[in-house]
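Quick note on labels: first sequence line is chain A, next is B, and so on, each numbered from 1. Computed from a prediction, not measured in an experiment: that's the story for all the values here.
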Number of protein chains: 2
Amino acid sequence: MSEGLPPITPAQVVDAAVRLTVRHGIDGWTVRALAQDLGVAQAVVYHHVGDRQQVVYAVASQVVDQIPVPAADRPWREWFGALLADVRKVTLHHPGVARHLVVLGPLAGAGRIVRPGMDVLTAAGFAEDAMMIYNYLSNTALSLIAVEDERNKDPDERMRRARELADLAQDPDEGLSEMGEWLASRAVSIDQLRAADAHNYRFSVERALDGAEARLKVVRKRTARRAVRLERRSTRATGSKLSTKGQE
Amino acid sequence: MSEGLPPITPAQVVDAAVRLTVRHGIDGWTVRALAQDLGVAQAVVYHHVGDRQQVVYAVASQVVDQIPVPAADRPWREWFGALLADVRKVTLHHPGVARHLVVLGPLAGAGRIVRPGMDVLTAAGFAEDAMMIYNYLSNTALSLIAVEDERNKDPDERMRRARELADLAQDPDEGLSEMGEWLASRAVSIDQLRAADAHNYRFSVERALDGAEARLKVVRKRTARRAVRLERRSTRATGSKLSTKGQE
DNA sequence: ACCTGAACACCGTTCAAGT
DNA sequence: ACCTGAACACCGTTCAAGT
């Protein structure tokens with residue numbers, strides 16, 4: 001240990017942090033544990049990468065880099081459906097990262113995904129709503145995963161709570177009776193709870209896409225009206241009366 | 001202090017925790033700070049309420065109790081629109097609580113809101129999808145607020161990041177250029193960022209309601225088909241041919 | 001420049017001891 | 001039963017000192 005061993009690189013630190021995150025979640029390791037995993041003193045982490053927050057940021061960036069980008073020629077709904085299915089796959093393997101992704105917003109390097117996403121929405125006709133819709137869809141997906149992560153932090157505790165809630169919901173006075181039956185049938189194993197999470201994710205993402213689709217119809221009408229108005233104004237300006245028949 | 005002063009009650013502990021939460025957020029106080037606020041030793045909190053998690057749970061319950069329930073006779077979309085606007089108002093005054101509400105799911109006592117909500121959805125025709133839709137809507141709303149809370153934890157840090165992202169997004173190579181202009185125009189004051197949050201909340205909730213509405217149409221058709229099939233079967237069983245003209 | 005070891009200022013939680 | 005004071009086992013972060 002005394003000789004000049006090859007010095008540790010920032011990349012090594014971040015890679016170790018990613019490995020620990022896969023195994024224990026982003027909140028499941030400490031700076032001490034990370035240093036020990038690397039076989040160095042804690043201060044080494046601060047020297048090469050920075051404080052815990054900066055390590056987390058680096059881990060989040062690497063997770064984003066693992067998300068595949070759907071082919072640009074697919075229809076917008078398919079494109080986002082594919083993206084958000086992959087987002088879940090990748091982030092769920094790095095528990096706790098999804099939460100940071102929503103909170104931090106688009107990281108450096110996220111343009112790889114954001115640009116084609118915005119293009120696909122603009123091509124579909126979302127016009128000036130494209131960005132709001134992009135945020136809406138990615139927020140919905142990442143928030144759902146963030147909640148899943150948090151609930152799965154302690155599987156035993158989750159099972160306990162599910163059973164507790166199932167019992168509580170049996171009581172007709174509580175007004176949760178539909179929820180009671182539903183939970184009682186699922187709260188028998190952690191695998192079933194997770195399967196319910198997966199189903200809930202797909203359902204919610206589809207509803208979010210429905211919401212975007214409904215908006216698209218409104219925006220398209222607005223755009224069409226605006227085009228007519230512009231057209232009318234320009235024809236009036238040139239003195240032409242050719243297109244006035246569409247006026248009333 | 002040595003005489004038998006009136007002993008502290010659990011309610012006093014929780015009330016103090018709520019006050020601290022309003023002022024500093026749920027993550028902004030420690031058990032030590034709570035005890036000091038009450039003028040007692042830390043162990044008193046554990047004696048009357050339990051560990052930190054249980055205090056948080058009690059605070060969350062009290063926040064839920066403050067949410068007003070819309071009149072049961074309003075149409076489902078209005079009902080949820082009103083509810084979710086009030087949810088934001090109440091939870092935003094208790095920073096960090098929204099996150100616990102999503103993660104914990106319906107608390108004891110939430111039946112006050114869940115039951116009329118389910119009734120309103122069932123009356124609208126959501127049938128067996130009512131619960132999924134209820135979860136979808138409340139999850140969407142609470143998750144958005146949870147993200148807002150987290151972003152506002154450190155306003156300075158948030159401003160810094162917004163400006164940073166605005167600069168980054170100016171770079172055409174990053175593929176965030178629409179976002180760059182948008183952010184650059186808003187990242188001048190924290191109030192403008194918060195106004196953008198409010199706008200984003202309303203927009204997203206409206207999209208989520210659009211998504212539910214689209215689903216409603218599908219479910220209604222399915223229910224109608226099923227009714228026809230049942231009707232047909234019963235008429236066939238009784239030998240009647242009265243309603244067969246709707247067959248094809 | 002890189003790394004160590006130790007310290008600092010915090011946490012949540014527990015528990016023997018007092019009244 | 002209620003409360004105190006002190007301790008325990010952790011954190012993230014910093015920093016003088018070594019090579």
### Summary
Listed range with range, the stems formed with DNA chain D by at least 3 consecutive Watson-Crick or G-U pairs (under 3.5 Å) are C:4-8 with D:12-16, C:12-16 with D:4-8
### Message
Nearest whole Å is fine: how far is dC11(D) C1' from Asp27(A) CG?
### Response
13 Å
### Query
For residues 35-51 of chain A, which residue pairs qualify under salt bridge (charged side-chain N to carboxylate O under 4.0 Å, His left out), counting only residues two or more places apart or in two chains?
Arg19(A)-Asp37(A)
### Message
One thing to verify: whether Asp191(A) and Arg194(A) come together as a salt bridge, which I'm taking to mean a side-chain N less than 4.0 angstrom from a carboxylate O.
### Response
no
#### Entry: Interatomic distance where CZ belongs to Arg52(A) and P belongs to dC11(C) [whole Å]
17 Å
### Task
Would you indicate which nucleotide in dC15(C), dC3(D), dG12(D) comes nearest to any side-chain atom of Thr30(A)?
dG12(D)
### Message
From the set dC3(C), dT4(D), dT13(D), return the single nucleotide nearest to any side-chain atom of Ile8(A).
### Response
dC3(C)
### Message
Regarding dT13(C), can its base be found pairing with the side chain of Gln42(B) as donor and acceptor, where the two atoms are less than 3.5 Å apart?
### Response
yes
### Query
Given atom NE2 of His24(A) and atom P of dC11(D), what is their separation to the nearest angstrom?
12 Å
### Query
Is the number of heavy atoms from other residues, nucleotides or ligands within 6.0 Å of CD (Gln36(B)) greater than 12?
no
### Message
Between the side chains of Arg161(A) and Glu157(A), is the shortest nitrogen-to-carboxylate-oxygen separation below 4.0 Å, so that they form an ion pair?
### Response
no
### Query
Between Arg88(B) and Asp197(B), is there a salt bridge with N-O shorter than 4.0 Å?
no
#### Entry: Of the listed nucleotides dG5(D), dT13(D), dC2(D), the one nearest the side chain of Pro7(B)
dC2(D)
## Note on the structure
His47(B) NE2 to dA17(C) P, in whole Å, measures 18 Å
### Task
Provide, to the nearest angstrom, the distance between the CD atom belonging to Gln53(B) and the C1' atom belonging to dT14(C).
18 Å
### Task
Whole angstrom is fine here: how far is it from CZ in Arg32(A) over to P in dT14(D)?
13 Å
### Message
Any salt bridge linking Asp149(A) with Arg99(A)? Criterion: basic side-chain nitrogen under 4.0 Å from a carboxylate oxygen.
### Response
no
### Message
Rounded to whole Å, how long is the line connecting atom CD of Gln54(B) with atom P of dG12(C)?
### Response
15 Å
### Summary
With the side chain defined as heavy atoms from C-beta on, Ala43(B) is closest, among dC15(C), dC3(D), dT4(C), to dC15(C)
### Query
Rounding to a whole Å, what distance do you find between His48(A):NE2 and dT4(C):P?
9 Å
### Message
Closer than 4.0 angstrom, basic N to acidic O: yes or no for Glu148(B) and Arg151(B)?
### Response
no
